[in-house]
Amino acid sequence: MKIASYNVNGINGRIDILLQWLEESQPDVVCLQELKAPDQKFPIKAIEAAGYGAVWHGQKSWNGVAILARGEEPLLTRKGLPGDPDDVQSRYIEALVDGILIGNVYLPNGNPSPGPKFDYKLAWLSRLQDYAAELIELDVPVVIAGDYNIIPTELDVYKPERWADDALFRAEVRDAFRKLLAQGWTDAIRRLHADERIYTFWDYIRNAYGRNAGLRLDHFLLSPGLADDLSRAEVDTHVRGWAHTSDHAPVWIELLDDLKKGAE
DNA sequence: ATGTCAAACTGAGTTTGA
C-alpha cells in the first residue's frame with residue numbers, strides 16, 4: 001500500500017498540479033494539508049473523477065486537511081484533534097482505509113516565536129502527544145502523516161544556524177518530536193534513509209529549490225506493528241520543480257500488505 | 001528586511017499568513 005502526504009498550499013489553486021501528480025504517482029492513500037478552502041469549496045468532483053474517494057475538514061482561507069483513497073471511500077473516524085474544544089482550526093482528520101488507521105496532521109507553523117502562535121503550536125504538540133499515546137495502544141496499525149512544521153534534526157535543514165530561533169526548529173519543538181518517537185513511533189524516512197539529506201519543502205523565495213535550500217517538514221510516523229512492513233519511503237522532489245506548484249513536495253511510503261507478506 | 005504565493009475583500013489592489 002502506497003500512502004502519500006502532500007501539503008498542496010491551496011487545493012483549488014493547485015488542483016491541476018494535484019491531478020497530474022495523482023495520475024503519475026498512483027498512491028492508494030493521500031493525506032492533503034493546507035486546503036485553504038471551506039468544506040463546500042472542496043473539489044470533490046475532480047477528485048472523484050480521478051478515481052478517489054475523500055473525506056475532508058476544511059476552513060475558510062487557512063488550514064484544512066483531507067484524506068483520499070483510491071477506488072474507495074475512507075471511513076471517517078475523527079475530525080479535529082482532541083484536547084481543546086475551543087480550537088477551531090482545521091488541522092486534523094483521521095480515517096480508516098483497508099484496516100490501517102490514517103491520521104493526517106497539519107501542525108501550526110508557530111512563527112513568530114516567542115508569542116501566542118508559538119504557544120499555540122506547543123499546546124497543539126502537547127495534545128498530539130497525548131492523543132498519539134492513545135493511538136499507539138490501539139490494536140490496529142496506525143500511520144500519522146502530514147506537515148508537522150518541525151525540522152527534527154540538523155540533518156533536516158540546509159543551514160541549521162540560520163534556523164536556530166525559528167518556530168520550526170526551536171528546541172522545544174524538536175524535543176516534542178523526539179518524545180513522540182520515544183512513545184514507539186517510527187520516522188519512516190529516517191528508518192530507510194538514516195544519513196541522507198532529504199528535504200520536503202523549499203521556500204518560494206531566494207530560489208530555494210534551485211539551490212536545494214530545503215527543509216524536511218513532512219513526516220510519517222508508524223505505529224510499532226507497521227515499522228517492519230515499511231519497504232520504501234521517498235520524496236517526489238521533481239514535483240516541486242513544476243510551474244505553479246506548492247512549496248512542499250509530495251512524500252510517500254510503501255507498506256508491504258499482509259497478502260504479500262503471506263506469499264513470501 | 002529581502003523575496004513568493006493564494007485567498008479574501010472587494011471591484012485591481014492591498015492585506016494576511018506562511
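Letters go in sequence order (proteins before strands), and every chain restarts at 1.
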Can you check the A:N7 CG to B:dA6 P distance for me, whole Å? 13 Å
State which of B:dG17, B:dA18, B:dA8 makes the closest approach to the side chain of A:E34. B:dA18
Whole angstroms only, please: what is the CH2-P distance between A:W62 and B:dA8? 9 Å
Please state whether the phosphate of B:dA8, meaning OP1 or OP2, lies under 4.0 angstrom from any side-chain nitrogen or oxygen of A:K36. no
Between side-chain atoms of residues 41-48 of chain A and protein atoms elsewhere (two or more places apart, or another chain), which donor-acceptor pairs fall under 3.5 Å?
none

May I have the distance from A:N111 (atom CG) to B:dA18 (atom P), rounded to whole angstrom? 9 Å
Does a donor on one side chain sit under 3.5 Å from an acceptor on the other, for A:D147 and A:Q33? no
Quantified in whole Å, what is the P atom distance between nucleotide B:dT14 and nucleotide B:dT2? 15 Å
Tell me the interatomic distance from A:I15, atom CD1, to B:dA7, atom P, rounded to whole angstroms. 11 Å
Does any pair with a residue in residues 55-74 of chain A pass salt bridge (charged side-chain N to carboxylate O under 4.0 Å, His left out), and if so which ones, sequence neighbours excluded? A:D28-A:R70
For the P atoms, the ones on B:dG13 and on B:dA1, what distance do you get once it is rounded to whole angstrom? 26 Å
Within this structure, what is the NE2-to-C1' distance between A:H248 and B:dC5, rounded to whole angstrom? 12 Å
In whole Å, I'd like the distance from the CD atom of A:Q59 to the C1' atom of B:dA6. 15 Å
Does the side chain to side chain donor-acceptor pair (under 3.5 Å) test come out yes or no for A:N111 and A:N109, once each step is laid out? CA-CA 6 Å; A:N111 278 304; A:N109 176 294; 3.1 Å; yes
Among B:dA18, B:dA8, B:dA7, which nucleotide has an atom closest to any side-chain atom of A:R91? B:dA18
Quick note, salt bridge (charged side-chain N to carboxylate O under 4.0 Å, His left out) partners involving residues 101-127 of chain A, not counting sequence neighbours, are A:D87-A:R127
A:K60 side chain: which of B:dG17, B:dA18, B:dC9 is closest? B:dC9
Rounded C1' spacing from B:dG3 to B:dA8 in Å: 22 Å
Rounded to whole angstroms, how far apart are CG on A:D16 and P on B:dA6? 12 Å
Here's one to test your reading of the geometry: is the NZ or CZ of A:R170 within 45 degrees of the ring axis of A:F118 and under 6.0 Å from its centre? yes
Separation between the P atoms of B:dT16 and B:dG11, rounded to whole Å: 16 Å
Which is more 5' along DNA chain B, the nucleotide nearest A:N149 or the one nearest A:N9? Just name the residue. A:N9
What pairs meet the salt bridge (charged side-chain N to carboxylate O under 4.0 Å, His left out) rule with one or both residues in residues 177-198 of chain A, with sequence neighbours excluded? A:D156-A:R190, A:D175-A:R178, A:D175-A:K179, A:D187-A:R216, A:R191-A:D228
Residues pairing under ring pair (Phe, Tyr, Trp, His ring centres under 6.0 Å) where one sits in residues 10-31 of chain A, two or more places apart or in two chains, turn out to be A:Y6-A:W21
Could you say whether A:N63 or A:T245 is positioned toward the 5' end of DNA chain B, judged by the nucleotide with the nearest heavy atom to each? A:T245
Atom CG of A:N12 and atom P of B:dA7 are separated, to the nearest Å, by 6 Å
Below 4.0 angstrom, which residues in residues 201-211 of chain A have at least one non-hydrogen atom near DNA chain B? A:Y204, A:I205, A:R206
